Amino acid sequence: MKLAIPVDEKNINSEVCISFGRTPYFLIYNTENGEEKYLDNSAIAASAGAGIKASQTIVDESVEILLTPRCGENAAEVLEAGDVKIYRTFKGSAKENIDAFKENKLDELTEIHEGFHGNGGN
């Protein structure tokens with residue numbers, strides 16, 4: 001299974017980025033073979049719609065699970081349409097959150113916020 005997680009650096013021990021749409025990078029992690037792939041987030045500089053663009057990147061990578069601390073409603077709609085389930089991360093590294101997910105210790109993210117809609121809020 002492929003999962004994605006927003007990270008501050010191209011390193012599995014990087015902290016999870018608090019902003020899904022404006023994260024610098026996405027770690028795409030394959031739970032079956034441990035393969036790591038890092039994507040630059042082209043949506044980071046978008047004046048608006050960063051979450052939507054970031055979500056489409058995740059969907060285009062055939063990701064099944066997104067681990068993130070929060071997600072806006074427009075981004076969540078794109079992810080839902082792409083059959084991507086969203087789980088809430090905790091403050092810690094990508095590796096710690098991936099391990100927690102594998103151990104069924106992360107909850108699905110059900111509190112979707114309205115989004116920042118061009119306000120650049122993190």
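Keep in mind that what you see is a predicted model, and the values were worked out from it rather than measured. What you see below is based on every heavy atom in this structure, not just the backbone, and it leaves out hydrogens, waters and symmetry mates.
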Return yes if some donor-acceptor pair links the side-chain N/O of Arg88 with the main-chain N/O of Asp107 below 3.5 Å, else return no.
-> no
In this structure, CG of Leu39 is separated from CD1 of Ile58 (nearest 0.5 Å) by 7.0 Å
Grab the two heavy atoms, one from Gly21 and one from Ala54, that are nearest each other, plus how far apart they are.
-> CA-CB, 4.0 Å
Look up atom OG1 in Thr89 and atom CZ in Phe20, then write down how far apart they are to the nearest 0.5 Å.
-> 11.5 Å
How far apart are the closest heavy atoms of Gly72 and Ile112, and which atoms are they?
-> C-CG2, 3.5 Å
Could you give the distance from SG (Cys71) to CD (Glu77), rounded to the nearest 0.5 Å?
-> 10.0 Å
State, to 0.1 Å, how close Gly51 and Ala75 come at their nearest heavy-atom pair, and which atoms those are.
-> O-CB, 3.4 Å
Residue pairs, two or more places apart or on separate chains, that pass ring-ring contact (aromatic ring centres under 6.0 Å, His included) and touch residues 42-83 | none
Shortest non-hydrogen pair, Ala4 vs Ile28, comes out as CB-CD1, 3.7 Å
Neighbour count above 12 (heavy atom, 6.0 Å) for Glu36 CD = yes
Within the distance-only criterion (no hydrogens, no angle test), does the side chain of Glu96 pair as donor or acceptor with the backbone N or O of Ser93 below 3.5 angstrom?
-> yes
Glu108: salt bridge (Lys or Arg N to Asp or Glu O under 4.0 Å) partners, not counting sequence neighbours = none
Counting only heavy atoms not in Lys105, do more than 12 sit closer than 6.0 Å to its NZ atom?
-> no
Is the backbone of Thr23 close enough, under 3.5 Å, to the side chain of Asn41 for a donor and an acceptor to pair up by distance?
-> yes
Co-members of the apolar cluster containing Ile5 [side chain, <4.5 Å] = Met1, Leu3, Val7, Ile12, Val16, Tyr25, Leu27, Tyr29, Tyr38, Ile65, Leu67, Tyr87, Phe90, Ile98, Phe101, Leu106
Qualifying side chain to side chain donor-acceptor pair (under 3.5 Å) pairs with a residue from residues 53-62, counting only residues at least two apart or across chains | Lys37-Glu61, Gln56-Asp60
Report the C-alpha distance between Glu15 and Lys91 in whole Å, list the side-chain angles of each, state the deciding distance to 0.1 Å, and finish with yes or no for side-chain contact (heavy atoms from CB on, under 4.5 Å).
-> CA-CA 7 Å; Glu15 290 290 311; Lys91 184 167 176 51; 4.1 Å; yes
Pairs in or reaching into residues 40-67: which pass ring-ring contact (aromatic ring centres under 6.0 Å, His included), with residues at least two apart or in two chains?
-> none
NZ/Lys85 to CG/Leu79 distance, rounded to the nearest 0.5 angstrom?
-> 13.5 Å
To the nearest 0.5 Å, tell me how far Lys2 NZ sits from Glu35 CD.
-> 8.0 Å
Residues forming a salt bridge (Lys or Arg N to Asp or Glu O under 4.0 Å) with Lys10, sequence neighbours excluded = Asp40
For Pro6 against Leu66, the heavy-atom pair lying closest together = CD-CD1, 4.4 Å
Are the side chain of Arg22 and the backbone of Ala46 linked by a donor-acceptor contact shorter than 3.5 Å?
-> yes
